[in-house]
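Encoded as structure tokens, the structure appears first; notes follow it.
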Amino acid sequence: ERAKPRIPVWVNAFAAVVFLYLFLCALKIMSAGLKVLTTDPAAQERIHNALSHATNPFIALTAAVLVTAIVQSSSFTTSLIITLVGSGQFDIETGVFMVMGANIGTSVTSTIAALGSLRIQRQFRRAFAAAIVHDFFNLLTVAVLFPLEWGLKALTGAGPIARLAGFAASRLGLPTTGEGADPVKAICAPAIDATEWVIRLVGLGTPAGSVSVAGGIVMACIGVVLLLISLALMVSNLKGALLTRLEGMFSKVFFRNDAIAYATGAITTILVQSSSITTSLVVPLAGAGTIKLKRVFPFVLGANLGTTVTGLMAAAAVLNPAAVTVALAHTFFNIIGAAIWYPLRWVPITLAKQYALLAARKKRYALYYLLAVFIVIPGVGFAITEWLV
């Protein structure tokens, strides 16, 4: 059988630029659609009523876990959160709680990937431990930082992560109204104008020639769809161009020590725009015994940091101080989490090893874990909090 010809690197590079442009246009189209909603008084009232409970920190957290687990992309969820904050739909603190939830939800992909080695007990034990060590890091970090952020917000009006991110954002010298020079909007203007023209063409315009509220909703939905498509295309293109060529070198070069493993996780995730992809890649390698769990842990810390770059790109597209603050909060959340749990890495590693041992002996516990962490607990917590509020 003839081997498939390898796609030239320049083709992959050109495709990466095209998909990045599509990603930025998707954000701008979604932002433009949401902005229509925020300028209509009746729509403002409906949105406020629909989202009023989302200002509860626990609902914000659990909703983000559920959404990210369903779409299997924290890049998508954080980009959406940042755009919503930038358009005024959520405040900064709600955005901070939501990105915490997105951090938990994104690890569902690697956990599902571990189920691929379910039939071989020893291999599954190693693979499952490598997958859930990511989960335990996120869960433990949220367990420490979420109540701290919530408590200090109640006492002082803003939590430490929001304050730190706000200070960093203020040092960047962004315009206070978010209406300064916007190069991203300039390069995406043709796509925005074309979308608005189509919206008006199908009868969703106003007599004044602008987009109606219904048109804004459709426009925001188009942006969401384009965002999903562009992220999928970026991941697919860069995964084929990069990760398949690096896989054989991982154990010998990229996991030589913790510092290199951390840098590898951060850099590869920045390049492929998906921590789900990079963390899922190491699961079968860990299952085969190629990579030790003690090296997987710093790798996922780096991957968590790398995935925040997508949010920073989304904030750059919105060019709004509140959006930038939330994007930076996502970055600081992962930096602080790593600062806490890397010195105490025996805690998440031991938890992952012990539960993986249980799941390897009784396979149903792997399914229980998956459903409990990503569906049942956030779903029940969301329902209870919604009922109590």
Side-chain angles (χ1 to χ4, degrees), residues 55-66 68-69 74 77-78 81 92-108 110-111 129 131-168 258 262 265-266 275 279 293-294 296-308 311 325-355 369 372-374 377-378 380-382 384-385:
T55 56
N56 178 283
F58 193 73
I59 288 184
L61 177 79
T62 53
V65 173
L66 286 170
T68 309
S74 64
T77 309
T78 53
I81 292 165
I92 290 172
E93 282 287 3
T94 300
V96 172
F97 294 126
M98 283 185 160
V99 295
M100 290 185 184
N103 250 53
I104 295 174
T106 191
S107 52
V108 67
S110 57
T111 308
I132 65 176
V133 76
H134 188 196
D135 303 346
F136 280 120
F137 165 73
N138 288 324
L139 291 167
L140 288 168
T141 303
V142 169
V144 172
L145 296 183
F146 177 75
L148 184 64
E149 189 76 13
W150 191 353
L152 289 179
K153 173 183 179 292
L155 291 173
T156 66
I161 296 176
R163 286 185 183 277
L164 180 62
F167 174 79
D258 285 2
Y262 182 88
S275 61
T279 54
L293 186 60
K294 66 180 182 179
V296 173
F297 184 67
F299 176 85
V300 298
L301 297 186
N304 269 14
L305 180 65
T307 198
T308 65
T325 299
V326 173
L328 289 171
H330 190 201
T331 304
F332 285 126
F333 171 81
N334 283 292
I335 291 173
I336 295 169
I340 295 171
W341 294 111
Y342 179 73
L344 299 173
R345 55 193 175 277
W346 61 270
V347 176
I349 289 175
T350 301
L351 289 171
K353 281 183 176 179
Q354 292 302 313
Y355 195 87
Y369 174 88
V373 172
F374 300 107
I377 293 176
V380 170
F382 183 94
I384 292 174
T385 310

* List in chain and number order the residues that pass side chain to side chain donor-acceptor pair (under 3.5 Å) with H330, two or more places apart in sequence or in another chain; answer none if no residue qualifies. => N103

* Does any non-hydrogen side-chain atom of S107 lie less than 4.5 Å from one of T279? -> no

* Can you list the residues that meet the side chain to side chain donor-acceptor pair (under 3.5 Å) rule with T325, with sequence neighbours excluded? -> none

* **Spatial distance of atom CG (L148) from atom CD1 (I336) [nearest 0.5 Å]** => 9.0 Å

* To do: Find out whether F333 and V96 are in side-chain contact, i.e. whether some heavy atom of one side chain is under 4.5 Å from a heavy atom of the other.
  => no

* Asked: Is there a donor-acceptor pair under 3.5 Å between the side chain of E149 and the backbone N or O of A162?
  -> yes

* Asked: Any side-chain heavy atom of F97 within less than 4.5 Å of one from K153?
  -> yes

* **side chain to side chain donor-acceptor pair (under 3.5 Å) involving R163 - partner list, sequence neighbours excluded** => T156

* **Counterpart residues, side chain to side chain donor-acceptor pair (under 3.5 Å), relative to Y369 (two or more places apart)** => D135

With a 3.5 Å cut-off and sequence neighbours excluded, list the donor-acceptor pairs that the side chains of residues 338-348 form with protein atoms.
residue, atom, partner, partner atom, Å
Y342, OH, D258, OD2, 2.6
R345, NH1, Y342, O, 2.7

For residues 139-147, run the donor-acceptor check on the side chains, cut-off 3.5 Å, and write out each pair with its distance to 0.1 Å, sequence neighbours left out.
residue, atom, partner, partner atom, Å
T141, OG1, F137, O, 2.7

* Structure fact -> When N304, T106, T111 are each screened for side-chain hydrogen bond (donor to acceptor under 3.5 Å, both in side chains) with H134, the one that passes is N304

